[in-house]
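Just below is one structure, and these are the notes that go with it.
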Amino acid sequence: MSTPKRYLITAALPYANGQKHIGHLAGAYLPADIYVRYLKAQKRDAVFVCGSDEHGTAIPIQATKEGTTAQAIIDKYHPLMEQNFKDLGIAFDVYHRTSDPLHHQTAQEFFTKLEASGDLETKETEQYFDESAQTFLADRYIKGTCPSCNYDSAYGDQCEKCGKSLSPEELINPVSTLSGNAPIKKTTKHWYLPLNRHEDFLREWILESHANDWRPSVVGQCKSWIDGGLQPRAVTRDLDWGVKVPLAGADGKVLYVWFDAPIGYISATKQWALNTGKDWKPYWEDKDTKLVHFIGKDNIVFHCIIFPVMLRLHGNILPTDVPANEFMNLEGDKMSTSRNWKLDMQDYITDFVNKENGGGQMADALRYYLTQIAPETKDSEFMWKGFQDAINSELVSVYGNFINRSLVLMHKLCGGKVPPYHAAIEDSEDIAVKEAIANTAKKVGELIEAYRFREALFEVIALARIGNGYMQKKEPWIVAKQVAENPAAQQQIDNCLHLCLQLTANLAILAQPFLPFTAKKICHLLKVVDKILDWENAGSLKLLSVGYTLRAPELLFRKIEDEEIAAQIQKLNDAAQIKKMETTPTTSSSTSTIAAVKPEIVFDDFAKIDLRVGTIVAASKVEKADKLLQLSVDLGFETRTIVSGIAQHFEPETIVGKQVTVVVNLAPRKMRGIESNGMILMAEDANGKLHFVNPSDNINPGSGVS
RNA sequence: GGCGAGGUAGCUCAGUUGGUUAGAGCACAGGAUUCAUAACCCUGAGGUCAUGGGUUCAAGUCCCAUUCUCGCUACCA
């Protein structure tokens with residue numbers, strides 16, 4: 001495979017609604033950074049773009065929650081994330097943001113072009129507005145009767161029973177799945193990206209041409225999506241936060257966030273070009289550009305299916321590869337912002353990178369461990385003990401120690417200068433080390449190009465290990481005792497340390513993509529310019545000239561103490577505990593998590609609802625449904641079948657005998673083929689857990705509730 | 001429920017198109033050594049390759065079933 005003329009590397013745009021944790025870092029940003037640093041060391045033309053994703057409904061919602069504005073939210077998190085990345089050595093060429101006018105303009109141009117060439121479909125409808133929720137309803141939030149087969153639970157986009165693709169207005173008796181109300185008809189026009197038109201292209205491009213060179217999980221996920229049937233996807237939304245739809249009569253409409261966000265890669269590239277006086281176009285238009293998206297597995301369909309379709313229609317190049325990573329867990333549990341079970345980049349920086357606690361070397365320590373446990377083929381686990389072990393017994397003891405002992409011995413036995421190499425007395429050990437250096441340089445490059453960063457890093461450490469073994473065999477500290485009687489012995493010492501020092505310089509080059517701060521520090525110790533880190537020097541044995549004076553050794557890394565680990569684990573548990581207490585309903589005094597009060601109704605509306613107390617007499621799981629339980633409820637005057645979506649909260653056998661409140665005059669409804677006659681009232685707490693609403697004492701089934 | 005990806009030594013993971021006694025690092029045990037951040041070096045113990053069938057002269061590697069984990073998706077009036 002020939003080398004592309006240029007590379008464009010993207011890392012998933014982080015959503016600007018909060019701190020990002022090390023799972024995000026390990027999934028996308030760190031591997032992308034390693035790859036880019038390698039390419040740049042190769043002097044290849046590579047641009048690394050990223051930026052904050054600042055649109056979407058979640059941001060205004062969060063603003064309401066925090067009692068502030070959407071703008072304030074993004075203005076808070078955008079610079080924070082940018083700084084975090086910088087502190088951890090993630091060297092974007094540009095860190096842009098989607099709220100920037102340049103992005104708005106770029107996204108609008110993109111949309112306009114697709115619109116003008118007939119690649120989008122529009123549908124003007126006058127349905128799907130839910131008055132109680134005050135929102136337009138997406139297709140799948142509407143149900144009704146299928147016009148073709150009369151199935152009564154067809155979705156707004158497709159009938160599950162007959163498989164027919166539908167639009168919401170075709171449904172008979174549509175119902176909002178949000179409120180249960182019939183949505184009112186309100187005219188709205190939306191644009192759609194008809195993915196279904198591109199099925200042939202996607203099949204060929206992904207399932208055939210990339211069947212073997214993309215990661216199995218990526219191809220598998222795409223296959224699953226394509227086989228499931230591609231549907232037109234709405235490109236616009238009725239919302240006032242985002243990129244305005246650039247057409248007359250489209251007031252109050254913005255581009256759907258999934259549509260505008262990936263275009264952020266393009267606008268970021270434009271911004272980079274403006275900053276540097278370069279031309280951005282070839283990076284998105286020239287076939288000889290290699291485009292690589294680094295993402296987490298949750299983003300696969302956007303980057304492999306939807307965005308490529310957009311790019312193709314718009315006349316851009318397609319990604320060459322999308323090396324998606326799996327997820328990283330933390331201390332035995334999934335990382336979760338809502339449960340506060342996570343390690344934020346900022347927290348790590350505060351505790352380890354800042355202060356006089358290690359600085360950039362500690363950023364490298366994190367980079368080392370995250371790379372070593374990168375979830376390249378399956379979910380992985382961040383353990384604080386594992387972090388400590390990896391740093392102390394590999395990075396410090398093998399890598400750092402080899403460099404330190406080389407420098408110390410050189411000062412003690414060679415007068416602080418790079419000793420000469422006496423080819424005449426070269427032996428097989430020397431040759432073996434030379435070969436190992438050359439081999440490792442080659443191997444590391446190949447592994448990085450194949451996105452196998454974990455293995456590549458392992459090879460770097462293995463080379464340091466070879467250095468330690470070599471030194472052990474040569475024992476220059478023993479040989480030194482003979483020099484007084486036999487001056488020629490000094491030559492053996494010279495050869496050993498000459499090679500160890502050249503090896504040290506190589507270790508800086510090879511580690512540079514992974515441990516950039518460390519590589520720089522080694523350059524400092526060796527008194528060489530950073531230019532030596534160019535990859536063309538990897539494998540070279542002439543990096544340090546004979547007779548050159550080097551600096552006094554300094555330790556590259558410090559060890560991680562047991563107390564630090566214990567403190568972090570404590571902190572993690574405490575934070576999760578506090579979060580749990582905060583969200584426990586009894587102690588919650590804040591209004592932040594309370595849903596807004598619905599519009600006022602008159603008494604007559606309320607009186608229409610017939611509420612009764614009932615007793616559950618039987619309960620069982622509904623087949624082929626994860627969330628549904630089929631209940632028999634004794635209402636005194638009759639026993640009814642009611643289907644309820646509570647299977648994930650209760651075991652069927654444990655709820656028999658419980659009293660519940662039932663809406664008895666709700667229209668019957670079929671779910672998974674079972675007719676449900678009524679609805680059980682449930683209360684949901686801040687943790688999302690459901691609780692029955694029932695009388696405090698057992699009373700007769702059938703008793704009215706008002 | 002459907003689809004996808006995984007389940008290999010205590011831990012983290014490799015195992016190419018099926019082919020001799022299944023590999024590495026960490027941790028552990030023993031030994032050697034002192035230049036080095038109680039670091040390094042050598043040696044060792046450790047696995048019925050999730051379970052059960054099948055194909056084959058031969059299976060961790062292919063096929064079927066089961067089970068567990070993760071993700072996408074459906075079901076929640």
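Computation of the quantities below employed the complete heavy-atom set of this structure, encompassing side-chain atoms and omitting hydrogens, waters and symmetry-equivalent molecules. Labels below follow one simple rule: chain letters A, B, ... track the order of the sequence lines, proteins then strands, and each chain is numbered from 1.
For A/S393 and B/rA27, the shortest distance from a side-chain N or O to OP1 or OP2 is below 4.0 Å. Between A/R454 and B/rA14, a side-chain N or O to OP1/OP2 separation shorter than 4.0 Å is present. Residue A/K223 places none of its side-chain N or O atoms closer than 4.0 Å to OP1 or OP2 of B/rC72. Contact check, A/K474 against B/rC35: no side-chain N or O comes under 4.0 Å of OP1 or OP2. A/K473 has no side-chain polar atom (N or O) that falls below the 4.0 Å cut-off from OP1 or OP2 of B/rC42. Between A/S217 and B/rC70 there is no side-chain N or O to OP1 or OP2 distance below 4.0 Å.
As judged by a 4.0 angstrom heavy-atom cut-off over every strand, A/S676 is placed among residues making no nucleic acid contact. Counting non-hydrogen atoms under 4.0 angstrom, A/G386 reaches nothing in the nucleic acid. Across all strands shown, A/K412 has heavy atoms under 4.0 Å from sugar-phosphate atoms exclusively, and none from any base. Residue A/F458 is classed as a sugar-phosphate contact, given heavy-atom separations below 4.0 Å to backbone atoms only.
Salt bridge annotation for A/K334-A/D379: absent, with no cationic side-chain nitrogen under 4.0 angstrom from a carboxylate oxygen. Comment: A/K385 does not engage A/D562 in a salt bridge, judged by the lack of any side-chain N to carboxylate O separation of less than 4.0 angstrom.
Spacing between B/rG60 and B/rU16 at atom P, rounded to whole Å, works out to 13 Å. When the C1' atom is compared between B/rU48 and B/rA59, the two are found 14 Å apart, to the nearest whole Å. B/rC28 sits 25 Å from B/rG15 when the C1' atoms are compared, rounded to a whole Å. Distance check on atom P: B/rA24 versus B/rG2 gives 41 Å, rounded to whole Å. If you take atom C1' in B/rG25 and the same atom in B/rU61, they sit 24 Å apart, rounded to whole Å.
Look at CZ on A/R233: it is 13 Å from P on B/rC72, rounded to the nearest Å. With rounding to whole Å, A/L457 atom CG is found 14 Å from B/rC26 atom C1'. As rounded to whole Å, 13 Å separates atom C1' of B/rA77 from atom CZ of A/R640. Atom CZ in A/F327 sits about 16 Å away from atom P in B/rA5, given to the nearest Å. Rounded to whole Å, the distance from CG on A/D379 to C1' on B/rU12 is 14 Å. The interatomic distance linking A/R465 (CZ) with B/rC41 (C1') rounds to 11 Å, in whole Å. Regarding A/K378, its NZ atom lies at a distance of 14 Å from the C1' atom of B/rC68, rounded to whole Å. Between the C1' atom of B/rA39 and the CD1 atom of A/I391 lies a distance of 16 Å, rounded to the nearest Å.
Nearest-nucleotide positions on RNA chain B place A/R452 closer to the 5' end than the other of A/W477 and A/R452.
Atom CG of A/L330 is separated from atom CG of A/D333 by 8.5 Å, given to the nearest 0.5 angstrom. The line from NE2 of A/H24 to CG of A/N325 is 13.0 Å long, rounded to the nearest 0.5 Å.
Side-chain atoms of A/T518 and A/Q361 include a donor-acceptor pair closer than 3.5 Å.
A 4.5 Å side-chain heavy-atom check between A/T504 and A/F402 finds at least one atom pair inside the cut-off.
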